[in-house]
There are 2 protein chains.
Amino acid sequence: MVTIYDIAKRANVSPMTVSRVINNSNLISESTRRRVEKIIEEMDYIPNKAARNLVGKRNKLVSLIVTDIVNPFFTNIARGAEDKAAELGYQLLLSNSDEEVDKESNYIRATISAGVDGVMIAPSGDISIHNLNMLSKYKIPFVLVDREVEGITSDLILGDNRQGVELLMKHLIERGHRRIVLINGPDYVSNAREREKAFKDIVNREKLENNISPIFQTRYKQESTDDIVNEILSVNVPHRATAILAANNFIGVSVIKSLRKIGMRIPEDMAVVCFDNPEFIQDFNPFLTVAAQPAYDFGYIGMQYLIERINGKIIKNRKMLLPSKLLVGKSS
Amino acid sequence: MVTIYDIAKRANVSPMTVSRVINNSNLISESTRRRVEKIIEEMDYIPNKAARNLVGKRNKLVSLIVTDIVNPFFTNIARGAEDKAAELGYQLLLSNSDEEVDKESNYIRATISAGVDGVMIAPSGDISIHNLNMLSKYKIPFVLVDREVEGITSDLILGDNRQGVELLMKHLIERGHRRIVLINGPDYVSNAREREKAFKDIVNREKLENNISPIFQTRYKQESTDDIVNEILSVNVPHRATAILAANNFIGVSVIKSLRKIGMRIPEDMAVVCFDNPEFIQDFNPFLTVAAQPAYDFGYIGMQYLIERINGKIIKNRKMLLPSKLLVGKSS
DNA sequence: CTGTTAGCGCCTTCAC
DNA sequence: GTGAAGGCGCTAACAG
């Protein structure tokens, strides 16, 4: 391994001078700078981050913790985050928490151990507060994306959930639906609570039949929704809901599968809409009607915020609320 | 920041003893071990990787370099890789090369600088050889996934491209197609060369009309294929190709878009098949007929190989060839 | 503008 | 079983 000492020897300078060169110090004469740079090039010298980090320097390393990179929503967040990070010279550690606090907790510890400068996280839920406090204890800045956590103040990049629900509900109502069911995510995730609140408000405001517009709860994962769908269909036809609003793409897809399994036609027998695209290419084969959140921007802007924080430029907490776009498919 | 010195003081032992505890040395009495462990717990001590790394220890950090995490093929590779890495206590650095050698080169340097123990990479192409040699120079083990590189020997996790092409061609031929066009990836990527070779062999073997079965080349990216499609359609109908084999999902999707743009019906006017799912959920809304590669396994097995290499368990190079599965959609 | 000294947190080596 | 000394590669603080 080539070190600054090797460079120094060859260049007839002290290691400190080499250090100054690789850190772009301007307390150096142009001639020695050039000489040293040439030798660095020749010897393929690559600085050792561990050593740098040990003396208290920034590590230029950030951590991204999502629930599941396979969800296109988070895939795009990851890409946005990585693009911005790379642009600013940072590297990205990736973890999948699967919405499990314990896994998340392990990742947080590993992440601290690795000496990251900051963390961008879509927290598992409100119980993530302990993990986030751990970060605070180590003075590691973080931003929350997609979800906030009760009792935590930080920079936030969130979807405008009320606006998204309005978009989907308005669309369904325009198509004549009056009996709409919400299949929501878990109530320990902030965006599920917000989506539910918006849903209820609209049901009241629009005087929809809210006795037949109950709210079901599942998880934001690839899980069967057969039971919930069966329960919805157990209501006899004149009173049965005619449309389902799924709180995210995984739920939306599961609902479609459950409906198809028992021969229901979509949208004739049941309309389905959801948050977030289940597919990564927007305009290719749209089946589901969705409120598409600008996931890439979540990641890109979030990383910008995070690195500003790392550099100590920003003190007060910021909250960015990003709107969804309605993409009408065949499912409604 | 809590260090082994803090723990040592509180436990009335030397820092060395603490070090032994956190490294599960067995040269320690049960009683002191327990005492130290208790204090570690109390003080929320987290080891500093930078320090560990500096004294030459494993960093428990690996790097994954893909061309684009947004491609579901690589998304699933990433998930498989991260799962295996986490299982074995490793963390994952993620980078997107966009199939550009210079970007890749920067990531490789950053990755070395970060002190990774190993690298899993889908190389940009044959020119990646310099980047891989850089890794060798630093004695960092690596495995190649999805693509091999001429002149590089290493562990390999590859798709069985011949088998995949056979699958798709057999399917098309069974449906009566005799004039098939290949829209391939760039020839500096090994799998493109293999797919082309298999395609040609089958065209000859099956005595397909190979004067009208030319091969076009584009990139494995989300780029327009309008020009290529127009060229294909410029042939008059009795002689025009009736099916297109796209070498990956991005190309497949682009081709569909190009065809739709000019009002061609799929599959009536033109059948389309490709490698890899363009969607992350297999059984939801299948439009394209695809040869689906087991991407998750690429990542999972690849990471297993890599970490075995890191631990010095394996010496000879291994090559894992994974078969595709045919998923028939509406596009053919 | 350049060099010297000391130390970051941990582990290897060698004592005891 | 436990501890002391030294050093990994780098940079902050000081000196010249």
Side-chain angles (χ1 to χ4, degrees), chain A residues 1-37 39-40 43-61 109-117 138-140, chain B residues 1-37 39-40 43-61 109-117 138-140:
Chain A
M1 173 180 261
V2 184
T3 73
I4 51 171
Y5 288 90
D6 303 322
I7 308 290
K9 208 171 291 172
R10 282 255 250 142
N12 270 322
V13 292
S14 76
M16 200 50 229
T17 303
V18 180
S19 173
R20 288 195 178 99
V21 170
I22 61 182
N23 287 291
N24 289 313
S25 161
N26 44 7
L27 305 156
I28 261 200
S29 74
E30 257 319 301
S31 62
T32 60
R33 144 163 286 129
R34 256 198 291 277
R35 188 154 43 91
V36 171
E37 270 170 351
I39 292 171
I40 285 176
M43 300 185 76
D44 267 341
Y45 165 74
I46 297 179
N48 181 327
K49 271 199 180 185
R52 252 188 198 173
N53 192 222
L54 201 56
V55 292
K57 270 277 187 182
R58 290 277 96 95
N59 213 357
K60 291 274 194 176
L61 178 65
R109 296 181 71 83
T111 253
I112 294 172
S113 184
V116 300
D117 300 325
Y138 276 82
K139 304 206 189 324
I140 297 173
Chain B
M1 172 179 262
V2 185
T3 73
I4 50 169
Y5 288 89
D6 303 321
I7 308 289
K9 209 170 290 171
R10 283 254 252 141
N12 271 321
V13 293
S14 75
M16 203 45 234
T17 302
V18 179
S19 174
R20 288 195 179 98
V21 170
I22 61 182
N23 286 291
N24 289 312
S25 162
N26 46 5
L27 305 157
I28 261 201
S29 74
E30 256 320 299
S31 62
T32 60
R33 147 162 285 129
R34 257 197 291 277
R35 189 153 45 91
V36 171
E37 271 171 351
I39 293 170
I40 285 176
M43 301 186 75
D44 267 339
Y45 165 74
I46 297 179
N48 182 326
K49 272 199 181 187
R52 255 188 196 172
N53 193 223
L54 201 54
V55 291
K57 270 276 183 183
R58 292 275 97 94
N59 213 357
K60 292 272 192 176
L61 178 65
R109 295 180 73 83
T111 253
I112 294 172
S113 183
V116 300
D117 300 324
Y138 276 82
K139 303 206 190 323
I140 296 174

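Order of the sequence lines sets the chain letters (A, B, ...), proteins ahead of strands, with each chain counted from 1.
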Side chain of [X] (C-beta onward), nearest among [options]:
| X | options | result |
| --- | --- | --- |
| B:Thr17 | D:dC10, D:dT2, C:dC11 | D:dT2 |
| A:Thr32 | D:dA13, D:dG9, C:dT2 | C:dT2 |
| A:Pro47 | C:dG9, C:dT13, D:dC10 | D:dC10 |
| A:Leu54 | C:dC11, C:dC8, D:dC10 | C:dC8 |
| B:Val13 | C:dG3, C:dC10, D:dG3 | D:dG3 |
| B:Ser29 | D:dT2, D:dT11, C:dC11 | D:dT2 |
| B:Ser14 | C:dG3, D:dG3, D:dT11 | D:dG3 |
| B:Met16 | D:dC14, D:dA4, D:dT11 | D:dA4 |

Practice prompt. Using modelled atom types only, decide if a donor and an acceptor are shared between the side chain of A:Arg109 and the backbone of B:Ile46 within a distance under 3.5 Å.
Written response: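 Checked: no pair found.
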Practice prompt. Look at the side chain of A:Asn59 and the backbone N and O of A:Asp117, then say whether any donor-acceptor pair between them is shorter than 3.5 Å.
Written response: no
Item to complete: Would you indicate whether the side-chain heavy atoms of A:Asn48 and A:Thr3 approach each other to under 4.5 Å?
Response: no
Practice prompt. Indicate yes or no: at least one non-hydrogen side-chain atom of B:Asn23 is less than 4.5 angstrom from one of B:Arg52.
Written response: yes
Practice prompt. Would you mind telling me which residue lines up with the more 5' stretch of DNA chain C, A:Gly56 or A:Arg20, judged by nearest nucleotide?
Written response: A:Arg20
What is the distance, rounded to the nearest whole Å, between atom [atom1] of [X] and atom [atom2] of [N]?
| X | N | atom1 | atom2 | result |
| --- | --- | --- | --- | --- |
| B:Arg58 | C:dT12 | CZ | C1' | 15 Å |
| B:Lys60 | C:dC10 | NZ | P | 17 Å |
| A:Asn53 | D:dA12 | CG | P | 13 Å |

Worksheet item: Considering only heavy atoms and no angle criterion, is a donor-acceptor pair shorter than 3.5 Å present between the side chain of A:Tyr5 and the base of D:dC10?
Response: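 Side chain to base: pair present.
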Worksheet entry | For A:Val18 against A:Ile4, the heavy-atom pair lying closest together |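 A:Val18 and A:Ile4 have their closest heavy atoms at CG1-CG2, 3.6 Å.
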Worksheet item: Contact class for A:Ile22 (heavy atom, under 4.0 Å): base, sugar-phosphate, or nothing?
Response: sugar-phosphate
Worksheet item: Just checking B:Ile28: base, sugar-phosphate only, or nothing, at a heavy-atom cut-off of under 4.0 Å?
Response: sugar-phosphate
Discussion item. For a quick test of reading the model: is some side-chain N or O of B:Ser19 closer than 4.0 Å to OP1 or OP2 of C:dC11?
Written reply: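 Yes, such a contact exists.
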